[in-house]
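Letters A, B, ... mirror the listed sequences (proteins, then strands); counts begin at 1. Just so it is clear, the structure is predicted and the values come from calculations on it, not from any experiment.
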Protein chains: 2
Amino acid sequence: MLEWLKEPEINFPGQLEHGGFEHGVCVGQIQAKAGLTQSTVSEYLSILQRAGFIEAKRVGQWTYYKRNEGAFEALSKLIQSNL
Amino acid sequence: MLEWLKEPEINFPGQLEHGGFEHGVCVGQIQAKAGLTQSTVSEYLSILQRAGFIEAKRVGQWTYYKRNEGAFEALSKLIQSNL
DNA sequence: CAAATATATCGACTTTTCCCGATATATCAA
DNA sequence: TTGATATATCGGGAAAAGTCGATATATTTG
């Protein structure tokens, strides 16, 4: 999912019908591509959010998720320095 | 364990009695510090070895393990570029 | 070769993670 | 307000990972 969200335009064409990509991609799009149930995908996304890798924005009945690039940079640096 | 092996002289003083650190640290030293059973530590180390994070060298009845720094560098870069 | 020592492997049990269906909550549309 | 849609949360069963004791293998020493 994290890789998918790196190129949302390519991986989630259906998102165009939900107002574009500025806020991220909504759960239903990710679920359809993942082939897992709605509850599983929702839980995954909330875990990734708590871990700081993605950000959520609620707009109406939709929740949009997008990557937090800073977290990946930080993880990469942490592996370099601490591990 | 991976962090311990970054500074073997500091974390495994008992290793001095096993011929020093040039080949790495032997399993018994790591086991004592980890506080887990011998079998568990042996399995951990073999998993880390298969994953490429450490290298093993058998010398007599001892197996010495040491870090493979390249693997950490590669992981850090992989997170930067692919994730 | 036999006993001692260091490590590896195996089988079983426990704990954690994964994933689901059911249900709850929130928003939108009529 | 009611029904439809999107997402979140909950409880449980299945799968995977963690950990152990017992045992096997390899090496050294006497």
Side-chain N or O of B/Thr40 less than 4.0 angstrom from OP1 or OP2 on D/dC20?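 Yes, because at least one side-chain N or O of B/Thr40 sits under 4.0 Å from OP1 or OP2 of D/dC20.
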Between C/dA8 and B/Thr63, is there an OP1 or OP2 to side-chain N/O distance shorter than 4.0 Å?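 For B/Thr63, the contact criterion (side-chain N or O under 4.0 Å from OP1 or OP2 of C/dA8) is met.
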Rounded to whole angstrom units, what separation is found between the [atom1] atom of [X] and the [atom2] atom of [N]?
X	N	atom1	atom2	value
B/Glu43	D/dC20	CD	P	11 Å
B/Ile30	C/dT7	CD1	P	9 Å
A/Lys57	D/dA6	NZ	C1'	17 Å
A/Trp62	D/dA8	CH2	P	14 Å
A/Arg50	D/dA8	CZ	P	11 Å
A/Leu48	C/dC18	CG	C1'	14 Å
A/Ile54	D/dT7	CD1	P	13 Å
A/Leu36	C/dC18	CG	P	12 Å

Report yes or no: does [X] contribute a side-chain atom to a donor-acceptor pair with the main-chain N or O of [Y] at less than 3.5 Å?
X	Y	answer
B/Arg50	B/Gly52	no
B/Gln15	B/Val25	no
A/Gln31	A/Thr37	no

What I want to check is whether an N or O donor and acceptor connect the side chain of B/Gln61 with the base of C/dT5 at under 3.5 Å.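 Present.
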Can you say whether a donor on the side chain of A/Gln38 sits under 3.5 Å from an acceptor on the base of D/dA8, or the other way round?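 Such a pair is found, so the answer is yes.
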Between C/dT7, C/dC20, D/dT5, which one does the side chain of B/Cys26 approach most closely?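 Of C/dT7, C/dC20, D/dT5, C/dT7 is nearest to the side chain of B/Cys26.
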Does B/Tyr65 or A/Ser39 map to a spot on DNA chain C nearer the 5' end, using the closest nucleotide for each?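 Checking each residue's closest nucleotide, the 5'-ward one belongs to B/Tyr65.
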Using a heavy-atom cut-off of 4.0 Å across all strands, would you classify B/Leu45 as base, sugar-phosphate, or nothing?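 Here B/Leu45 touches no strand at all.
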Check whether any side-chain heavy atom of B/Tyr64 sits under 4.5 Å from a side-chain heavy atom of B/Val59, and report yes or no.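 They are in side-chain contact.
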Whether the A/Ser39 and A/Ser42 side chains hold a donor-acceptor pair (N or O, under 3.5 Å, no angle test) is what I'd like checked.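 No, because no side-chain N or O of A/Ser39 sits under 3.5 Å from a partner of the opposite role on A/Ser42.
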